[in-house]
Amino acid sequence: MHDVQSIVRIRSGNQMVAEGALRAGCKFFAGYPITPASGIYKTMIDTLPGKGGVALSAPDEISALAYCVGASLRGQKAMTATSGPGWALMTETVQYALMTETPVVIATVQRLGPSTGGATQNAQGDVLFVENCTSGGYTIPVFTPSNPIECYELTHIAFTWSELLRTPVVVMLDKEVGMTSEDVNYMDIHDLTTLSRQRTSMSGNGMDKNIDTYYFENPEDVPSFVPVGGEIKSTVTGSAHNKAGRLQKNSPETLEVLYHLQKKIDANANQMELVKRDIEEGARTLIVSYGITARTAREAVRRLRKNGEKVSWLNVLSLFPVPENKLRNSLHGIERIVIPEENFGGQYRSVIENVFDDQDVVGVNKIGSMITPDEIIAKVV
Amino acid sequence: MSTNAGIEQELNINVEDMDIVYERPDTLTDTRMHYCPGCSHGVVHRILMEVVQELGIQDKTIGVAPVGCSVFAYSYLDIDMQEAAHGRASAAATGIKRVLPDRIVFSYQGDGDLAAIGTAETIHTANRGEKILVVFINNAIYGMTGGQMAPTTLDGMKTSTSPFGRNPDHVGHPLKITDLIAMLPGAYYVTRVAVNNPRNVRVAKKAITKSIQYQMDGKGLCFVEVVSNCPSGWKMTPVEANKWLEENMFPIYPLGDLKVPSDDK
Ligand SMILES: Cc1ncc(C[n+]2csc(CCOP(=O)(O)OP(=O)(O)O)c2C)c(N)n1
Ligand code: SF4
Ligand SMILES: [Mg+2]
């Protein structure tokens, strides 16, 4: 007898990021070793060539992301994986991808920082470092899985939004989520629809070979994609540019393009919202978690309820854009919000604090060792 | 009944009568190293510090070792030691040497560090003729991160990210960065050594001694590649690794001087 309800394998979060990427149609990967993200690199090297893709070893992270951007300029779905020190080196090309509207997915597995930090220690300290890496303050969509299944699903979703919005998207893990291996039941993976960027087509209508590479009608529209090396001439620049993709300073059209880069994300922010909720009627405290602290929060909730206490819990899967609606409509009867984070000062708390009205927002913050369920429980009313 | 009958005897060792033939130099701390058994790193640490001791420059010598397995070098080398970011050792060493020109400054870098992520720093440090010593531990692999393929990995060599062996059609042949360095006018003395047997250890030590003497004389960049092993990353015993080193690494990275000072010939 075989049981179709379960196909169970032991997998790490890193492996599932790679598998989610393959499922999304990722055809190009470039990597550079770094603990705790090397498992993604290794899995892609082992599997992508067999699926007709290219997996390339880069001499550093600067090149790794640049290779991916080059492949994506042609239309291939591309990904790289790193951790904080590598992310630091990638930021120039993250901005380039944003400005050139080049889809690319970057998985970053957080470790203790700053600088070379602690390679084998968990942390959630790169939240603002990742989100605020652009000059100008553009939104970088960030997804934060807390277990292997979510690693798979959110990587797939990251590809979808990266393609649809034509912008760099980050899957942000932390060391424990990336490197912990556990039972994964593949039947638990939800149905996922794979989508790709819309391409400019030359077919039939006698279109001009010189149409603007970044043509859009409304600022929130995403221009259809002109692949490099195709039938239509493509002009791409990381400098401020007009819709033709030509460097121009401060012309109304260039400013329109600069606004457009943010507006296309804002216009889809509602749809990108992704949270998991466990709301309990009559609870006065809501625990808000993401990444590994979701696992700790879950245990805190279990212990509290076992003692007959009421508590609600919300796990954020789409860290940015901030899922404001879903946060706001989880506040019924809530007086206190507790946000556990393995960083100083509560990086995400500082971002979402102003989403809440009169609630008392408190953090549980720690670095260098993991937050315990009891430390969360101590803050719950 | 004892089978050891007659074997036991009084030894009466008199310490005063014995010659010391080998001891830890004062420039090495009395700490157990974390390196894997048979790894070249420990031997190179030792000869480097023997030279520092012999030249009497312990309080004048400053080292920079970036991330890589030698990230803990500061625990073993009893001199001023700095860790640098990955790939940036020779750049950090440049800053130190420029403000302290009378000190002896060296960087101590792995192949991933020096010939991958730090290639630009390496080439430009040499091209400027920076008056430092670069010690280059080439074990053809990223040891610390779990044995991934590096630019220096040999053709056909299996690593965790080249499971079928390095394919030169896909990623090129091993980068012989020392040969490139030797071509640059700023490089003063460039040599390739190994520490796999006593003879080679002596040659390596001589190369380091010479390099430091050149630096004391205000000469340009000295570059010493140590063709090294990584038993753990190569998935071999230390003995197998040293055999493999001779049979496979030396043909690609032949030992010997690549550039000797013209005023020295
Ligand atoms: C920017 C950045 N990328 C990656 C790493 C991860 N990392 C640490 S050590 C290392 C490789 C070390 O290899 P090598 O220089 O050859 O030294 P070995 O351990 O082999 O002696 C890497 C990739 C890092 N610390 N910083
Ligand atoms: S991993 Fe390799 S380079 Fe690192 S200490 Fe072990 S043998 Fe040496
Ligand atoms: Mg190495």
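So that the names make sense, note that chain A is the first sequence line, chain B the second, and so on, each numbered from 1. Owing to the predicted nature of the structure, the values given are computational and were not obtained by experimental measurement. Every heavy atom of this structure was used, including side-chain atoms; hydrogens, water molecules and symmetry mates were not.
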### Query
Would you say A:F344 has more than 12 foreign heavy atoms packed within less than 6.0 Å of its CZ?
no
### Message
Just so I understand: if I count every heavy-atom pair under 4.5 Å between each of A:I45, A:L89, A:I34 and chain B, which residue has the most?
### Response
A:I45
Taking atom types as modelled, which donor-acceptor pairs link chain B and chain A at under 3.5 angstrom?
{"from": "B:E83", "atom 1": "OE2", "to": "A:T116", "atom 2": "OG1", "distance (Å)": "3.2"}
{"from": "B:H86", "atom 1": "NE2", "to": "A:Y32", "atom 2": "OH", "distance (Å)": "2.8"}
{"from": "B:I117", "atom 1": "N", "to": "A:P59", "atom 2": "O", "distance (Å)": "3.0"}
{"from": "B:S160", "atom 1": "O", "to": "A:K42", "atom 2": "NZ", "distance (Å)": "2.9"}
{"from": "B:H170", "atom 1": "NE2", "to": "A:A55", "atom 2": "O", "distance (Å)": "3.2"}

### Proximity breakdown for A:A58 and chain B, heavy-atom pairs closer than 4.5 Å
backbone
